[in-house]
Amino acid sequence: MPHDLVDAMANMREAEAMDLAQKMLDAGEDPLQVLDLCRQALEIVGKRFEAGKYFLPELIMAGEMLKKISQTAKPFMKKEPNPKTEVTGKVVIGSVKGDIHDIGKDIVTFMLDINGFEVHDLGVDVPAEKFVDAIKEVQPEVVGMSALLTTAFESMKNTVEVIKDAGLRDQVKIMVGGGAVDEKVRAYTGADAYGPDAVAAVKLSKKWIG
Ligand code: B1M
């Protein structure tokens, strides 16, 4: 049996999903756990979409539900327990060209922000040149690229290459993540590491900057 929240979201019962999420957060459940349940629900939605049982409206509605729940969860999120000293470093982040999914990227951005990083979010469908311009302007230690479409992995690889061609590759650590990104994709793109979730993204950035 799936969790009630997963069931409500996957079956588009928005009011019930919002209510369950709020109750879990008020009861002191880990907000990242709540968001992970939402991610599981969206995986089901994605599979139904793939199978032709759901269509774009369901995909859009599922995205909106998760956006609302992550807004509700934000005030409940805490810093990663850990360092003796506060890390301050700069991160430039964006969803790569061709990809407009941003829910996961926004969670990563928020987590980096509350953990003391100065985050420059370039948004979605970000061309490689925009990453290059931001690196020159912001001088970040870390560049983060998010993508959910498998077709956008090529775009990640191209962005890493364009950064290299601009002579900036040695200045930054590059982190990739989102949906199906794994170690194989990381190696293909030429990035330095991949983050399976938002907590991992914070840990990696701390490791590189600290
Ligand atoms: Co899209 N979509 N979608 N979609 N959508 C997927 C990704 C898909 C897997 C669904 C499916 O068919 N099973 C499929 C891709 C298939 C593939 O590539 N092989 C798909 C498709 C096909 C499409 C369209 C092409 C549909 C169409 O138009 N015919 C279209 C593409 C548009 C485009 O990008 N050019 C499209 C559009 C959309 C919506 C706009 C409707 C909406 C997005 C709304 C938005 O983002 N504002 C949407 C949604 C909601 C999804 C699903 C259902 C959910 C995605 C999501 O938000 N997950 C998705 C199905 C699925 O994921 N299984 C699907 C929750 C989120 C918290 O997880 O982003 O993985 P995630 O983030 C995690 C980690 O991965 C990590 O931290 C986060 C928190 O733990 N992380 C990072 C993320 N970024 C990171 C970066 C890091 C480190 C960690 O370092 C930099």
Side-chain angles (χ1 to χ4, degrees), residues 35 39 46 59 63 66-67 70-71 74 77 79-80 83 85-210:
L35 289 179
R39 197 192 47 71
L59 217 55
L66 180 42
K67 278 217 162 172
S70 57
Q71 285 303 327
K74 276 181 182 179
M77 289 200 200
K79 292 183 177 192
E80 259 288 281
T85 51
E86 192 73 33
V87 203
T88 42
K90 294 184 206 159
V91 182
V92 161
I93 195 166
S95 299
V96 295
K97 176 128 194 78
D99 205 312
I100 62 158
H101 295 90
D102 64 358
I103 300 172
K105 170 189 68 67
D106 289 353
I107 295 174
V108 172
T109 300
F110 178 75
M111 285 295 286
L112 286 167
D113 182 52
I114 61 168
N115 279 283
F117 293 94
E118 186 183 315
V119 194
H120 295 255
D121 185 355
L122 306 180
V124 297
D125 193 19
V126 181
E129 297 69 30
K130 205 169 160 190
F131 276 100
V132 167
D133 291 346
I135 296 170
K136 287 183 185 157
E137 199 190 309
V138 174
Q139 300 280 322
E141 290 88 350
V142 178
V143 172
M145 297 174 199
S146 186
L148 267 82
L149 297 179
T150 47
T151 48
F153 297 160
E154 196 55 43
S155 191
M156 276 180 162
K157 182 183 165 73
N158 177 59
T159 308
V160 175
E161 271 160 18
V162 172
I163 292 173
K164 202 169 164 188
D165 293 345
L168 300 166
R169 184 66 183 92
D170 296 338
Q171 263 176 242
V172 291
K173 289 284 188 191
I174 301 180
M175 167 169 70
V176 287
V181 173
D182 59 10
E183 178 50 31
K184 238 168 128 181
V185 175
R186 195 279 314 153
Y188 175 73
T189 59
D192 296 298
Y194 93 96
D197 55 39
V199 172
V202 171
K203 281 193 180 138
L204 271 172
S205 305
K206 279 186 179 169
K207 188 179 93 182
W208 284 333
I209 292 172

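In this chain, residues are counted from 1 in sequence order.
- Taking 4.5 Å as the limit, some side-chain heavy atom of F131 sits within range of a side-chain heavy atom of V143.
- Annotation: K184, atom NZ; neighbour count of heavy atoms from other residues, nucleotides and ligands within 6.0 Å does not exceed 12.
- For the pair F117 and V142, the minimum side-chain heavy-atom distance is 4.5 Å or more.
- Smallest separation of non-hydrogen atoms from A200 and G195: CB-CA, 4.2 Å.
- Salt bridge R186/E183: present, at least one basic N to carboxylate O contact under 4.0 Å.
- Separating the CD1 atom in I135 from the NZ atom in K90 is a distance of 12.5 Å, to the nearest 0.5 Å.
- Side chain of D99 to main chain of A147: no donor-acceptor pair is present (N/O by atom type, distance under 3.5 Å, no hydrogens or angles).
- Looking only at distances, no side-chain donor or acceptor of S95 sits under 3.5 Å from a matching main-chain atom of I100.
- For the atom pair CG of N158 and NZ of K164, the computed distance is 12.5 Å after rounding to the nearest 0.5 Å.
- How far CG of D113 is from OG1 of T109: 8.5 Å, rounded to the nearest 0.5 Å.
- Using a 4.5 Å heavy-atom threshold, the side chains of D106 and F110 count as separate.
- Put simply, the side chain of D192 gets close to the backbone of I174: a donor and an acceptor are under 3.5 Å apart.
- Atom CG of residue L204 and atom NZ of residue K173 lie 10.0 Å apart, to the nearest 0.5 angstrom.
- The two residues A201 and V108 come nearest to each other via the heavy atoms CB-CG1, 3.7 Å.
- Under the side-chain contact (heavy atoms from CB on, under 4.5 Å) test applied with M145, the options T189, V160, V92 reduce to a single match, V160.
- Note that CD of E141 and OG of S205 are 9.5 Å apart. Values are rounded to the nearest 0.5 Å.
- The CG atom of L122 sits 8.5 Å away from atom NZ of K105, with the distance rounded to the nearest 0.5 Å.
- Counting all heavy atoms, side chain and backbone alike, V176 lies closest to A191 at CG1-CB, 3.8 Å.
- Closest approach of A166 to V132, counting heavy atoms only: CB-CG1, 3.9 Å.
- Between D125 and K130, no side-chain nitrogen of the basic residue sits less than 4.0 Å from a carboxylate oxygen of the acidic one, so the salt-bridge criterion is not met.
- Side-chain contact between I93 and S146 is absent, with no heavy-atom pair separated by less than 4.5 Å.
- Under a cut-off of 6.0 angstrom, the local environment of NZ in K207 is sparse, with at most 12 non-hydrogen atoms contributed by other residues, nucleotides or ligands.
- For A198 against I107, the heavy-atom pair with the smallest separation is CB-CG2, 3.9 Å.
- Within the structure, side chain to side chain donor-acceptor pair (under 3.5 Å) contacts touching residues 147-156 (residues at least two apart or in different chains) are E154-Y188.
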